[in-house]
Amino acid sequence: MPLALLALAVGAFGIGTTEFVMMGLLPDVADDLHISIPSAGHLVSAYALGVVIGAPLLAAATARMSRRKVLIALMGLFVAGNALSAFAPDYHWLLAARFVSGLPHGAFFGVGAVVATNLVAPERKARSVSLMFLGLTVANIAGVPVATFIGQHFGWRATFLGVSAIGLAAIASLAFLIPRDHTHAPTGGLRGELAALRSLPVWLALGTTVAGFGALFSAYSYITPMLTESAGYADSSVTLLLALFGVGATVGNLVGGRLADHSLRGTLFGGLVSLVTVLALFPVLMSAQWSAAVAVTLLGTAAFITGSPLQLMVMEKASAAPSLASSANQAAFNLANAGGAWIGGVALAAGFGTTSPALAGGLLAVLGLAVAATAYAVDRRRAEVPAPTSGRLVATHVPPHPEHAHH
């Protein structure tokens with residue numbers, strides 16, 4: 001695997017750290033700025049809104065630029081957003097700065113995934129995407145706990161300065177490690193990118209992302225009350241248990257990338273079935289401390305097995321112009337974050353019990369399976385109609401059966 005993937009992983013590590021650290025810093029920010037915890041919670045939403053808006057807009061705006069320059073510019077915007085967060089004089093400035101920090105997130109992963117797959121042989125595409133996402137999952141193990149510790153002991157502003165420093169390191173590594181010859185501007189431009197989004201298979205793949213990761217966030221958003229009220233853990237143990245989620249997510253991401261290079265669709269279906277199973281068992285697993293720790297780890301593993309296959313599937317369905325579709329998949333991921341948390345909250349507010357968000361997530365995962373099955377049926381139907389061959393599609397479209405002959 002080329003060293004350039006390390007540069008993408010460093011950027012992903014910074015992005016993952018700044019996205020998730022706010023959850024741990026909410027009380028500190030609320031105290032310092034004299035606002036309520038729910039108001040501080042809007043800082044999480046502002047970031048997610050930035051991702052959803054920024055992903056398609058920035059991917060479209062940079063459609064004719066060199067991919068290498070785009071990645072460096074996006075990381076520059078990321079550094080600016082986090083530096084603005086560190087020096088924000090009041091709540092409203094911080095809200096705006098968090099929105100700016102979220103803008104480059106989706107486009108970075110979207111364009112980064114395209115660059116990653118162009119750097120490797122066709123049979124290693126999913127693995128290359130999983131190595132970029134490794135930065136995101138490792139952020140949950142190391143980046144978020146360390147950043148939270150810094151924020152609690154040196155002030156929350158120090159955390160965002162630290163994240164800015166990670167962003168600068170990512171810019172340097174992107175500049176030195178990403179080869180210029182692999183990252184020329186795409187020939188299709190904005191019109192080609194937009195045309196790719198008119199495809200039904202692309203929308204079905206995006207729908208699978210929303211439902212599948214909505215299932216994860218329905219449960220994960222309320223994991224703390226499940227661990228303290230159902231499993232009986234002390235509040236002080238939660239940070240360590242969330243690191244177990246990061247370990248599970250890292251394992252799932254690496255396993256998913258490796259398996260998806262052999263069978264993209266099989267890995268996706270397997271991951272979704274695993275997610276349904278884990279979420280359905282949550283009420284039982286949360287009844288004891290040892291099984292609750294296992295449940296948190298398995299949740300991360302099952303959910304992130306599907307990460308690389310979904311990203312690659314969106315890119316293959318939009319093979320003529322993958323950057324915008326790939327970035328849109330990151331917007332779908334953040335819609336899943338917001339929507340899943342809302343659905344889990346509805347189950348909790350309805351009085352169905354502490355573990356009810358996990359069961360609501362299980363239903364979302366079943367919906368994800370249904371959407372994935374529909375996409376499979378559409379592909380089968382289209383495959384029966386002979387399509388004109390084009391040299392342009394050969395590089396990115398991987399047929400389902402012949403690829404096994406190479407292994």
Side-chain angles (χ1 to χ4, degrees), residues 1-2 4-6 8-9 11-13 15-16 55 105-106 108-140 201-202 204-213 215-216 245-275 299-319 322-323 325-334 336 365 368-369 371-372 375-376 396-398 400 403 407:
M1 286 290 172
L5 294 175
L6 178 65
L8 294 170
F13 179 80
I15 288 172
H105 175 132
F108 181 87
F109 279 111
V111 174
V114 175
V115 170
T117 55
N118 285 339
L119 289 168
V120 297
E123 67 273 12
R124 287 175 173 259
K125 281 184 174 185
R127 224 172 304 179
S128 72
V129 172
S130 75
L131 286 175
M132 177 184 69
F133 281 139
L134 191 62
L136 187 67
T137 58
V138 170
N140 278 292
V202 169
L204 287 171
L206 293 173
T208 308
T209 297
V210 172
F213 276 95
L216 164 66
F245 172 84
V247 171
T250 301
V251 171
N253 174 52
L254 290 173
V255 168
R258 189 166 283 273
L259 291 177
D261 278 328
H262 294 276
S263 173
L264 191 61
R265 189 90 60 176
T267 306
L268 177 59
F269 279 117
L272 287 170
V273 169
S274 303
L275 188 57
L299 179 65
T301 305
F304 277 85
I305 279 175
T306 64
S308 302
L310 280 168
Q311 189 74 31
L312 202 58
M313 194 168 287
V314 170
M315 289 161 61
E316 288 188 355
K317 298 308 171 196
S319 54
S323 292
S326 183
S327 300
N329 194 50
Q330 293 300 310
F333 180 88
N334 275 268
L369 267 172
V371 178
Y376 179 61
T396 49
H397 177 69
V398 182
E403 67 171 343
H407 297 288

(message) With heavy-atom distances below 4.5 Å as the criterion, would you say the side chains of Phe333 and Leu310 are in contact?
(response) no
(message) With a 4.5 Å cut-off on side-chain heavy atoms, are Thr137 and Val247 touching?
(response) no
(request) Mind listing the closest non-hydrogen atom pair of Gly207 and Val371 along with its distance? (result) C-CG1, 4.1 Å
(message) Could you check whether any side-chain heavy atom of Gln311 comes within less than 4.5 Å of a side-chain heavy atom of Phe109, counting everything from C-beta outward?
(response) no
(request) Please round to the nearest 0.5 Å and tell me the distance separating atom CG of Leu134 and atom CG of Leu254. (result) 5.0 Å
(request) Kindly indicate whether the side chain of Thr117, heavy atoms from C-beta on, has any atom under 4.5 Å from the side chain of Met315. (result) yes
(request) Drop me the distance from Thr267's OG1 to His262's NE2, to the nearest 0.5 angstrom. (result) 9.0 Å
(message) Once rounded to the nearest 0.5 Å, what's the spacing between atom OG of Ser327 and atom NE2 of His105?
(response) 10.5 Å
(request) Heavy atoms only: give me the nearest Val114-Ser326 pair and the separation to one decimal. (result) CG2-CB, 4.3 Å
(request) Output yes when a side-chain donor or acceptor of Asn334 lies under 3.5 Å from a complementary backbone atom of Gln330, and no otherwise. (result) yes
(request) Spell out, as yes or no, whether a donor-acceptor pair under 3.5 Å connects the side chain of Glu123 to the backbone of Asp261. (result) no
(message) Given 3.5 Å as the limit, does a donor-acceptor pair link the side chain of Ser130 with the main chain of Arg127, or not?
(response) yes
(request) Determine whether Thr250 and Thr301 make a side-chain contact, defined as any pair of heavy atoms from C-beta on separated by less than 4.5 Å. (result) no
(request) Search all heavy atoms of Ala325 against all heavy atoms of Ala318 and return the closest pair with its distance. (result) CB-CB, 3.5 Å
(request) For the residue pair Leu204 and Lys317, establish whether any side-chain heavy-atom pair is separated by less than 4.5 Å. (result) no
(message) Please give me the minimum heavy-atom distance between Thr209 and Ala332, naming the atom from each residue.
(response) CG2-CB, 4.0 Å
(message) Within the supplied structure, the quantity of interest is the number of heavy atoms (other residues, nucleotides, ligands) at a distance under 6.0 Å from Tyr376 OH; does it exceed 12?
(response) no
(request) Determine whether more than 12 heavy atoms belonging to other residues, nucleotides or ligands lie under 6.0 Å from atom CZ of Arg265. (result) yes
(message) With rounding to the nearest 0.5 angstrom, report the CZ to CG distance, Phe304 to Asn140.
(response) 6.5 Å
(message) How close do Val210 and Ala336 get, counting heavy atoms only, and between which atoms?
(response) O-CB, 3.4 Å
(request) Answer yes or no: is there a donor N or O on one side and an acceptor on the other, between the side chain of Ser263 and the main chain of Leu259, under 3.5 Å? (result) no
(request) Might you point out which heavy atoms bring Pro309 and Leu264 nearest each other, and give the distance in Å? (result) CA-CD1, 3.5 Å
(request) Would you check if the side chain of Asn253 reaches a backbone N or O of Ser308 as a donor-acceptor pair within less than 3.5 Å? (result) no
(message) What's the separation between atom CG in Leu8 and atom CZ in Phe133, rounded to the nearest 0.5 Å?
(response) 10.5 Å
(message) Is any side-chain heavy atom of Leu275 closer than 4.5 Å to one of Thr306?
(response) no
